[in-house]
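I have placed the structure first, in the form of structure tokens, so that the comments after it can refer back to it.
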Amino acid sequence: MRTSMLKSIVRRSSTAGESYVSRRGFASGSAPERKVAVLGAAGGIGQPLSLLMKLNPLVSSLSLYDIAGTPGVAADVSHINTRSEVVGFAGEEQLGKALEGADIVIIPAGVPRKPGMTRDDLFNINAGIVKSLCTAIAKYCPNALVNMISNPVNSTVPIAAEVFKKAGTYDEKKLFGVTMLDVVRAKTFYAGKAKVNVAEVNLPVVGGHAGITILPLFSQATPKANLSNEEIVALTKRTQDGGTEVVEAKAGKGSATLSMAYAGAIFADACLKGLNGVPDVVECAFVQSNVTELPFFASKVRLGKNGVEEVLGLGPLNEYEKQGLEALKPELLSSIEKGIKFAKEN
């Protein structure tokens with residue numbers, strides 16, 4: 001019984017893998033060599049993210065780094081029968097080796113949010129971690145695309161930018177705040193309310209990556225659905241509070257680690273496709289931007305061989321979204337300035 005069940009799962013996963021490859025336009029044999037480094041790979045987000053990157057046929061080399069525990073995670077993940085070779089690195093003295101030759105560096109390092117913890121509490125711990133990791137990136141793989149997951153993203157991305165500027169390696173096309181989880185949540189919640197196939201939903205989320213700075217543009221969602229104003233307001237609030245919903249549901253035992261790992265893997269996959277020359281790869285991300293008067297902003301971004309090929313405009317907003325946009329700006333600006341100030345003073 002158990003053997004036949006396992007065979008069935010393997011068959012299903014094999015078929016899913018094939019569709020995963022074909023959907024992304026590459027058979028694993030023909031894809032270019034790509035090294036992905038995960039910094040914070042032994043953590044709550046890092047472990048499932050490492051697993052998902054091991055399953056991605058576009059990755060040829062997977063470098064897993066953390067201050068401790070990584071050799072075990074790497075050994076575990078390395079047994080999976082997919083293309084990429086996996087190496088684990090632990091401790092600061094091995095960080096350079098972990099980064100050398102990386103095409104993409106994903107940073108989920110830092111502490112997760114616990115109940116009652118503010119994003120300011122997070123900032124005080126994670127800002128220093130991000131600064132030291134980015135200092136190493138500037139030294140060992142200055143041309144890599146950097147996918148920042150460590151919260152608060154609204155501040156950690158500006159910190160990274162300042163570190164790279166100081167090192168003389170800053171390229172605004174290669175630094176991304178990963179806001180993909182906001183998009184993933186908005187699509188899921190919208191599909192549930194609109195009774196549409198979630199796989200077909202297209203829906204931009206703009207602004208930042210915390211609370212009211214998260215602005216889903218439901219007026220631009222496809223397939224179209226005739227939702228009431230009350231339903232849109234409720235969906236917006238649920239998207240903004242998605243992280244808190246998970247933290248409270250886990251009752252002190254974790255944060256949104258699994259859904260964040262999924263979102264991080266989806267965004268990294270989009271970056272890989274862009275690097276490999278797949279046309280019209282568009283996802284939302286928090287990047288240096290002229291879309292508003294703020295120096296960084298999340299909006300749709302076209303990805304290509306150099307990272308950001310084009311930062312796309314916001315498109316038409318309804319009155320509710322215009323109000324949301326104006327309301328988020330002061331808070332987002334404050335978070336950006338906080339990150340810049342930290343980087344310059346530390």
Side-chain angles (χ1 to χ4, degrees), residues 38-53 64-70 72-73 76-77 105-131 133 146-157 159-160 176-189 192 205 207-216 235-268 284-286 298 328 331-332 335 338-339 342:
V38 179
L39 307 187
I45 297 169
Q47 290 199 41
L49 177 59
S50 299
L51 167 65
L52 290 167
M53 295 317 296
L64 306 183
Y65 171 82
D66 214 318
I67 48 173
T70 347
V73 176
D76 195 357
V77 171
V105 180
I106 313 174
I107 311 180
V111 297
R113 196 150 62 100
K114 296 186 173 74
M117 201 184 223
T118 66
R119 283 186 165 82
D120 277 345
D121 298 330
L122 270 185
F123 177 88
N124 293 332
I125 301 166
N126 289 352
I129 294 170
V130 164
K131 185 171 183 287
L133 292 175
V146 177
N147 292 2
M148 184 69 69
I149 291 174
S150 302
N151 267 322
V153 164
N154 294 351
S155 299
T156 55
V157 169
I159 289 171
F176 303 88
V178 180
T179 60
M180 195 75 201
L181 182 51
D182 303 324
V183 178
V184 165
R185 284 175 173 145
K187 285 179 176 181
T188 303
F189 303 157
V205 180
H209 186 54
I212 67 156
T213 70
I214 300 165
L215 183 62
L235 284 174
T236 300
K237 181 139 182 49
R238 191 175 177 206
T239 304
Q240 292 171 340
D241 295 342
T244 303
E245 184 180 313
V246 176
V247 166
E248 288 174 354
K250 288 191 175 181
K253 295 206 165 52
S255 59
T257 50
L258 301 174
S259 50
M260 184 62 247
Y262 168 78
I266 291 289
F267 187 73
C284 292
F286 186 65
L328 73 81
E331 186 162 324
L332 183 50
S335 297
K338 185 174 184 176
F342 174 86

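It should be emphasised that the depicted structure is a prediction, and the values quoted were computed from it without experimental measurement.
- Remark: the backbone N or O of V111 is paired with a side-chain donor or acceptor of N126 at under 3.5 angstrom.
- Closest heavy-atom contact between P108 and L49: CG-CD2, 4.1 Å.
- F342 meets the ring pair (Phe, Tyr, Trp, His ring centres under 6.0 Å) test with F123; sequence neighbours excluded.
- A distance of 8.5 Å separates CD1 of I214 from CG of L181, quoted to the nearest 0.5 Å.
- Counting all heavy atoms, side chain and backbone alike, H209 lies closest to D182 at ND1-OD2, 2.7 Å.
- Applying the ring pair (Phe, Tyr, Trp, His ring centres under 6.0 Å) test to F176 and every residue at least two apart in sequence or in another chain returns F267.
- Partners of A42 by side-chain contact (heavy atoms from CB on, under 4.5 Å), not counting sequence neighbours, listed by chain and number: D66, V73.
- Contact between I129 and A109 at its shortest, heavy atoms only, is CG2-CB, 4.1 Å.
- Of the possible polar contacts, one joining the S150 side chain to the I107 backbone as a donor-acceptor pair under 3.5 Å is found.
- Across every non-hydrogen atom of G44 and T257, the tightest pair is O-CB, 3.3 Å.
- For A298, the side-chain contact (heavy atoms from CB on, under 4.5 Å) test picks out T179, F286, with sequence neighbours left out.
- Under the side-chain hydrogen bond (donor to acceptor under 3.5 Å, both in side chains) criterion, T156 pairs with no residue at all, not counting sequence neighbours.
- Listed by chain and number, the residues in a side-chain contact (heavy atoms from CB on, under 4.5 Å) with A186 are L203, V205, P216, F218, T239 (sequence neighbours excluded).
- No side-chain heavy atom of M260 sits less than 4.5 Å from a side-chain heavy atom of V246.
- Under the side-chain contact (heavy atoms from CB on, under 4.5 Å) criterion, L51 pairs with I80, not counting sequence neighbours.
- Distance alone, capped at 3.5 Å, places no donor-acceptor pair between the T213 side chain and the L328 backbone.
- The CG atom of L64 lies 10.0 Å from the CD1 atom of I106; values are rounded to the nearest 0.5 Å.
- Nearest heavy-atom pair across M53 and A268 is CE-CB, 3.8 Å.
- Using a distance-only test at 3.5 Å, with no hydrogens or angles considered, no donor-acceptor pair links the side chain of N154 to the main chain of L332.
- Counting only residues at least two apart or in different chains, salt bridge (charged side-chain N to carboxylate O under 4.0 Å, His left out) contacts with residues 239-254 comprise K237-D241, R238-E245.
- Minimum interatomic distance between S50 and V77 (heavy atoms only, all atoms of both residues): O-CG1, 4.1 Å.
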